[in-house]
Number of protein chains: 2
Amino acid sequence: MGNKYYRIDEVANKTGLTKRAIRYYEDLNLISPQRTESAYRLYTDEDIEKILRIISLKESLAFSLAEIKNALELDSEVKKILSTETADLATLKNYIEMIRRQINLIEEKINKLRASQEKFENLLSQLNSLEDKVEKEDV
Amino acid sequence: MGNKYYRIDEVANKTGLTKRAIRYYEDLNLISPQRTESAYRLYTDEDIEKILRIISLKESLAFSLAEIKNALELDSEVKKILSTETADLATLKNYIEMIRRQINLIEEKINKLRASQEKFENLLSQLNSLEDKVEKEDV
DNA sequence: CTCTTGATTAACATTAACGTCAAGGTTAAT
DNA sequence: ATTAACCTTGACGTTAATGTTAATCAAGAG
């Protein structure tokens, strides 16, 4: 299985990226799909896997200055409420919800980073084994 | 203490940002330093703290597509070596070092995210206490 | 008082990561 | 064979986050 080829529109749907973004990634040599005789791009399941991995790495970043501003504002608004204790229940519940969202957002980024970190840790231990092996052979 | 004022050049040195970036952050209303009569910007220690926090949040992101490309290339090179077992000791040590760096880089990002997450979790628990209090008062 | 160093605003330039046409081939169905 | 629905490569536009340069004003040293 897995010998199927997908055209760019299908890949866009599967990944959530736009066709433009997918082509752009190819410009950057992040992916190199095959081509038909008439130059149509053909993507394999592995290509799609790679794209999903790129997306995951990309999404683990995404803190623009605008988002930072929001976070800091939320922070200072809450601090003000806490120090003055001037807020009705509805407002409080509102802020609690916003803070929860911030925490979850950060958590998701952390999870994606952890996933990518684990992959590298896995490679590292395999490389270390290989190193041991080569060292002994070299004696 | 802490009543000292810093001019923009000092702040640039203390934070590692350029003066241009610092002014840009002000354009975005991320910071609002005082001014002298002649419009010189005057920063307090709190302003500097805030800038450092912004930097930390910003750095916890920072995975450009170029960096992603490097990471994926490193990954596939290492996988190739592992599958063919064709590499001398020096090369191996080299790759081990590069992987270590990747892992550390990701670790640092995670740490910064965790720090910011903890701050929000702290606010959350304080808000929850306040909520309890308000609910009881309202009976 | 002048000279050097540093600050200010304004404005145009640049890079990354796409969005958005435009002009023209391809494929598949009718 | 034609048409709708894709695909291709330009090429110019856009936003965020600065870099760079220019013209001008301020401050402190000698």
Side-chain angles (χ1 to χ4, degrees), chain A residues 4-44 47-48 50-73 105 109 112, chain B residues 4-44 47-48 50-73 105 109 112:
Chain A
K4 207 199 156 191
Y5 285 111
Y6 307 88
R7 282 185 312 179
I8 195 165
D9 207 28
E10 244 178 311
V11 178
N13 284 330
K14 278 177 189 287
T15 60
L17 292 181
T18 63
K19 294 190 270 187
R20 179 64 173 91
I22 297 174
R23 292 194 188 103
Y24 179 63
Y25 290 177
E26 185 175 347
D27 283 351
L28 299 183
N29 287 315
L30 280 164
I31 39 178
S32 318
Q34 293 180 233
R35 301 294 191 114
T36 66
E37 276 187 12
S38 54
Y40 276 34
R41 290 174 175 79
L42 294 179
Y43 298 85
T44 65
D47 287 327
I48 292 179
K50 190 158 183 183
I51 290 175
L52 291 177
R53 207 169 156 195
I54 293 168
I55 292 174
S56 169
L57 277 166
K58 243 185 78 66
E59 284 181 347
S60 64
L61 60 93
F63 260 145
S64 67
L65 287 175
E67 290 172 306
I68 291 175
K69 189 190 171 194
N70 287 337
L72 293 183
E73 277 172 1
L105 199 151
K109 288 176 199 289
K112 285 176 182 168
Chain B
K4 207 200 158 191
Y5 286 110
Y6 307 90
R7 283 183 311 177
I8 195 163
D9 208 29
E10 242 180 312
V11 177
N13 285 332
K14 278 176 187 286
T15 61
L17 293 180
T18 63
K19 295 190 269 187
R20 178 68 173 89
I22 297 174
R23 293 194 187 103
Y24 179 62
Y25 291 178
E26 186 175 345
D27 282 351
L28 299 184
N29 287 312
L30 281 163
I31 39 178
S32 318
Q34 293 181 233
R35 301 294 190 111
T36 66
E37 275 186 17
S38 54
Y40 276 36
R41 290 174 177 79
L42 293 180
Y43 299 85
T44 64
D47 287 328
I48 292 179
K50 189 158 185 185
I51 291 175
L52 291 176
R53 209 169 154 193
I54 293 168
I55 293 174
S56 169
L57 277 167
K58 245 183 77 69
E59 282 181 348
S60 66
L61 60 94
F63 259 144
S64 68
L65 287 175
E67 288 172 308
I68 291 176
K69 189 189 171 194
N70 287 338
L72 292 182
E73 277 173 1
L105 199 150
K109 288 177 200 289
K112 286 177 182 168

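Per chain, numbering begins at 1; letters A, B, ... match sequence-line order.
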Exercise. Contacts to DNA chain C from residues 10-17 of chain A, heavy-atom cutoff under 4.0 Å, which residues?
Worked result: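 Listed by number, there are none.
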For this session: Tell me which residues in residues 31-41 of chain B put a heavy atom below 4.0 Å from DNA chain C, sorted by number, or none.
Result: R35(B), A39(B), Y40(B), R41(B)
State whether [X] places a side-chain N or O below 4.0 Å from either non-bridging phosphate oxygen (OP1 or OP2) of [N].
{"X": "K69(B)", "N": "dA16(C)", "result": "no"}
{"X": "Y25(A)", "N": "dC18(C)", "result": "yes"}
{"X": "Y24(B)", "N": "dT18(D)", "result": "no"}

For this session: Classify the nucleic acid contact of R7(A) as base, sugar-phosphate or nothing, counting any heavy atom under 4.0 Å across all strands shown.
Result: sugar-phosphate
Rounded to whole Å, please give me the gap between [atom1] in [X] and [atom2] in [N].
{"X": "L30(A)", "N": "dA17(C)", "atom1": "CG", "atom2": "C1'", "value": "12 Å"}
{"X": "I54(B)", "N": "dA16(D)", "atom1": "CD1", "atom2": "P", "value": "17 Å"}
{"X": "I8(A)", "N": "dT26(C)", "atom1": "CD1", "atom2": "P", "value": "17 Å"}
{"X": "I22(B)", "N": "dA7(C)", "atom1": "CD1", "atom2": "P", "value": "10 Å"}
{"X": "R23(B)", "N": "dT21(D)", "atom1": "CZ", "atom2": "C1'", "value": "13 Å"}
{"X": "L28(A)", "N": "dT15(C)", "atom1": "CG", "atom2": "C1'", "value": "12 Å"}
{"X": "E26(B)", "N": "dA10(C)", "atom1": "CD", "atom2": "C1'", "value": "15 Å"}
{"X": "D9(B)", "N": "dT5(C)", "atom1": "CG", "atom2": "P", "value": "13 Å"}

For this session: Only pairs at least two apart or in different chains count here, so list each salt bridge (charged side-chain N to carboxylate O under 4.0 Å, His left out) that has a residue in residues 27-40 of chain B.
Result: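 Qualifying pairs, neighbours excluded: E26(B)-R35(B).
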Problem set entry | Atom of P33(B), atom of L42(B) and distance for their closest heavy-atom approach |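 Closest approach of P33(B) to L42(B): CB-O, 3.4 Å.
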For this session: Provide the full list of side-chain hydrogen bond (donor to acceptor under 3.5 Å, both in side chains) pairs with a residue in residues 10-23 of chain B, sequence neighbours left out, each pair given once.
Result: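 Counting only pairs at least two positions apart or across chains, the side-chain hydrogen bond (donor to acceptor under 3.5 Å, both in side chains) contacts touching residues 10-23 of chain B are K4(B)-E10(B).
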[X]: side-chain hydrogen bond (donor to acceptor under 3.5 Å, both in side chains) partners, not counting sequence neighbours:
{"X": "Y43(A)", "answer": "none"}
{"X": "T36(B)", "answer": "S38(B)"}
{"X": "Y5(B)", "answer": "Q34(B)"}
{"X": "Y40(A)", "answer": "none"}

Distances for protein N/O vs nucleotides 19-23 of chain C N/O pairs under 3.5 angstrom?
{"residue": "dG19(C)", "atom": "OP2", "partner": "T18(A)", "partner atom": "OG1", "Å": "2.6"}
{"residue": "dG19(C)", "atom": "N7", "partner": "R20(A)", "partner atom": "NE", "Å": "3.1"}
{"residue": "dG19(C)", "atom": "O6", "partner": "R20(A)", "partner atom": "NH2", "Å": "3.0"}
{"residue": "dT20(C)", "atom": "O4", "partner": "R20(A)", "partner atom": "NE", "Å": "3.1"}

Exercise. What residues form a side chain to side chain contact (heavy atoms under 4.5 Å, CB included) with E73(A), not counting sequence neighbours?
Worked result: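 E73(A) satisfies side chain to side chain contact (heavy atoms under 4.5 Å, CB included) with K69(A), N70(A), E77(A) only.
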Exercise. Taking only residues two or more places apart in sequence, or in another chain, which ones meet Y25(A) in a side chain to side chain contact (heavy atoms under 4.5 Å, CB included)?
Worked result: L17(A), L30(A), I31(A), I54(A), K58(A), L65(B)
Exercise. Hey, does V11(B) have a side-chain heavy atom less than 4.5 Å from the side chain of D47(B)?
Worked result: no
For this session: To the nearest 0.5 Å, tell me how far S32(B) OG sits from R41(B) CZ.
Result: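 It is 11.0 Å, given to the nearest 0.5 Å.
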